[in-house]
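Below is one structure, written out as structure tokens, with a few remarks after it.
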Protein chains: 2
Amino acid sequence: MAKTTGRAHRGGHSGVSIEDVAAAAGVSTATVSRAVRGLPRVSPATREKILGVAEELGYVASSSASGLATGRTRTIGVLAPFVSRWFFSKAIEGADRELHARQYNLSLFNLGGHGSHRERLFSKTMVYKQIDALLVLCMALTHEEIEHLQKIDIPLVVVGGHVEECPYIGIDDYAAAAAAVRHLIELGHTEIALLHGDDETDLNFDVPRVRIKAFQDVMAEAGLNVRKEWDEWGDFTVRSGQDAFHRLWDRPGPKPTAIFCASDEMAMGIIFEATRAGVRIPEDLSVIGIDDHDFSEAMGLTTVRQRPDEQAELGTKMLLDELDGIAGAVRSTVAPHQLIVRSSTGSPGRRASPLPPSN
Amino acid sequence: MAKTTGRAHRGGHSGVSIEDVAAAAGVSTATVSRAVRGLPRVSPATREKILGVAEELGYVASSSASGLATGRTRTIGVLAPFVSRWFFSKAIEGADRELHARQYNLSLFNLGGHGSHRERLFSKTMVYKQIDALLVLCMALTHEEIEHLQKIDIPLVVVGGHVEECPYIGIDDYAAAAAAVRHLIELGHTEIALLHGDDETDLNFDVPRVRIKAFQDVMAEAGLNVRKEWDEWGDFTVRSGQDAFHRLWDRPGPKPTAIFCASDEMAMGIIFEATRAGVRIPEDLSVIGIDDHDFSEAMGLTTVRQRPDEQAELGTKMLLDELDGIAGAVRSTVAPHQLIVRSSTGSPGRRASPLPPSN
DNA sequence: CTGAAAGCGCTAACAA
DNA sequence: TTGTTAGCGCTTTCAG
């Protein structure tokens, strides 16, 4: 241990300090510092010796101390509204990959589910001075929050949704939604319902809006009628898809032959309830989603794939590059999407068949 | 800003320091420190004044500095093998709830998917001196890793699985599995297959083993025959459930009337493929899982519920209590489980009916 | 109740 | 190539 006196009264954290290593190796702390960080200006012999001693003593630099000295924490923050929903957990994994590879730590800030909407406003305190950069995952943010973020003046990027004035990475939501709707139309559907995501008014988040717009535009383009009664909404969960199905079906009047869902989870909700109600997929109802959730392949759900993990990985890379001094590394980028046709969509033709094929 | 000279050359992090606040409030840094942390020995008047100034200046204490001074980071680490699987993402959410409530940060260490098995061995470096305590999520750990962890001499608890010599929180896996199998037996099933989890030999992780043992014991107890060909395994994913179904069905010989799956995701895989193959659930095949995954209710999957979020929340609370000086706060605890009967299980009776009811 | 001052462990000029 | 030395910003005795 070091020689100072003031140590004993502190919180008993054991731990070998750089001084211990320096002493044991017969060099100065400065040299140890260079050696362990792999910096130049250390002779091979000295370096080897120091590394040996460090290893032996089990030395690990204190992140607080080096953080204080350098002004960097080597930690990046990830802000998410949920962690257990598909998009977010995948994105976190992606961010982690890049972070791990570059020896950074990941600090997770989960804004969802904590108290009131008001209180969730991340007290600057939360992230301030604790992270070197921030990755925001597809959050609906208030203007106030955006301002806060920008004041914190650290590299920042948002993944999975536009937030005004912030660089973002995500798919072209308009094009993705349009591709889904076109697929349905090409199959011959004309009676198409829409299950869109929450609007979250006043929360600066336009992913739902953009997808709705795409739906309307493509329908109009094709000269198809958009029925108001078939305009349903959900919150991206399976549950909300189930509820939407019932609102659609437990009501008199004609039924759509296809439904475009703004997320796979909602599409699954539709499929579960449809099946339960004896509505066959895709004979009676074609269902398409967006995402390509882990379960979608198993369920045969046709969808427009996106890769949140890759989006987050890229965003993280940009952040880290920026921190490495590459100015302009962080820039808005459009991520790819791809239509994946499976068995939940088909032509509306067989619909009226009185008896199902022996299936 | 402060007055020192050595500042300019550092990494341009702006930021108001405690000295700035002290100066602006006309008090010493010691007093500011007490005031902002809500410690006693500050007159109400002074405190108010300081808080006002701090607010105005946007002061936030540097975590590195206070970490260095106190030896605490106010961060706890969460070690997980995956983040996007149900159990883990739920557990992370649970841990976060408690952490957030107590003003701690959550540092996520994702061991899965990173390079080779060897390399994944968490270099002590990774967590050492960066966190005050560690929550390990249901990890299969090598002996070496366990040793490492114990050397790091910080509060530690594992959630969701036994790890020898470590305090753990989780359901009684034996009882939970037994409850599932008994449910099947009570329904009248005698031909029961098992889809268990990976063994991960040599990784100190016995959840799969325990569940297998329970299955065998209960079957024996009931005088039922356990067929070797009906002993399947998977890795807890939907995909592996699908594969298992095919191994079971694409083979000549009698078929089971029920299957006990060690996880809901695997059970879902079975259901998806069974449905696709025309095997009706539960008329032809009853399926039961363990977990109560988010999708289980929607799918009508009978299961034994557990709440990873609550387990992790409790584990985190113990860790934090321990850090608060409550010695012995961390102790192994059995979490509750509960059989949830839905529509994927039923009596094997109708099995031989030549024609399905108009369903 | 308040302030002075000595560190916490590490880094980064600057000298040597 | 290596060491000296001044901090980084905050906490915590200890005195007053």
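Here is the naming used below: chain letters follow the sequence lines, and residue numbers restart at 1 for every chain.
- The nucleotide whose nearest atom lies closest to any side-chain atom of B/A65 is, among C/dC10, D/dG9, D/dT2, D/dG9.
- Looking at every heavy atom in both residues, A/K90 comes nearest to A/P308 through CB-CG, 3.7 Å.
- In this structure, the CD atom of A/Q130 is 16 Å from the P atom of D/dG9, given to the nearest Å.
- Using the six-membered ring where Trp is involved, A/F88 and A/F82 have ring planes that are tilted, between 30° and 60° apart.
- A straight line from OH of B/Y59 to C1' of D/dT11 spans 10 Å, rounded to a whole angstrom.
- Between A/E98 and A/K317 no salt bridge is recorded (no basic side-chain N to carboxylate O distance below 4.0 Å).
- No option in B/R72, B/R74, B/R102 other than B/R102 meets the salt bridge (charged side-chain N to carboxylate O under 4.0 Å, His left out) test with B/D324.
- A/K129 places its NZ atom 10 Å from the C1' atom of D/dC10, with the value rounded to the nearest Å.
- For the OP1/OP2 pair of C/dC10 and a distance below 4.0 Å, the side-chain nitrogens and oxygens of A/S64 include no atom meeting the criterion.
- Near-neighbour residues of DNA chain C inside residues 23-42 of chain A, defined by a heavy atom below 4.0 Å, number-ordered: A/T29, A/A30, A/S33, A/R34, A/R37.
- To the nearest angstrom, P of D/dC8 lies 23 Å from CZ of A/R74.
- Among the atoms of the strands shown, only primed sugar atoms or phosphate atoms (P, OP1, OP2) are found under 4.0 Å from some heavy atom of B/T46.
- Considering only residues two or more places apart in sequence or on other chains, B/A65 meets the side-chain contact (heavy atoms from CB on, under 4.5 Å) condition with A/L68, B/S62.
- Remark: C1' of C/dT11 and CZ of A/R72 are 14 Å apart, rounded to the nearest angstrom.
- Regarding B/R47, its CZ atom lies at a distance of 9 Å from the P atom of C/dT2, rounded to whole Å.
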Working note: B/V83 + A/D96, criterion side chain to side chain contact (heavy atoms under 4.5 Å, CB included); need CA distance, chi angles, decisive distance, verdict.
CA-CA 10 Å; B/V83 355; A/D96 177 74; 5.8 Å; no
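- Atom CD1 of A/I18 and atom C1' of C/dC10 are 6 Å apart (whole Å).
- When the options A/T333, A/T316, A/L135 are evaluated for a side chain to side chain contact (heavy atoms under 4.5 Å, CB included) with A/I169, the one that passes is A/T333.
- Between the P atom of C/dA5 and the CD atom of B/E19 lies a distance of 13 Å, rounded to the nearest Å.
- The phosphate of C/dC10 (OP1 or OP2) has no side-chain N or O of A/T70 nearer than 4.0 angstrom.
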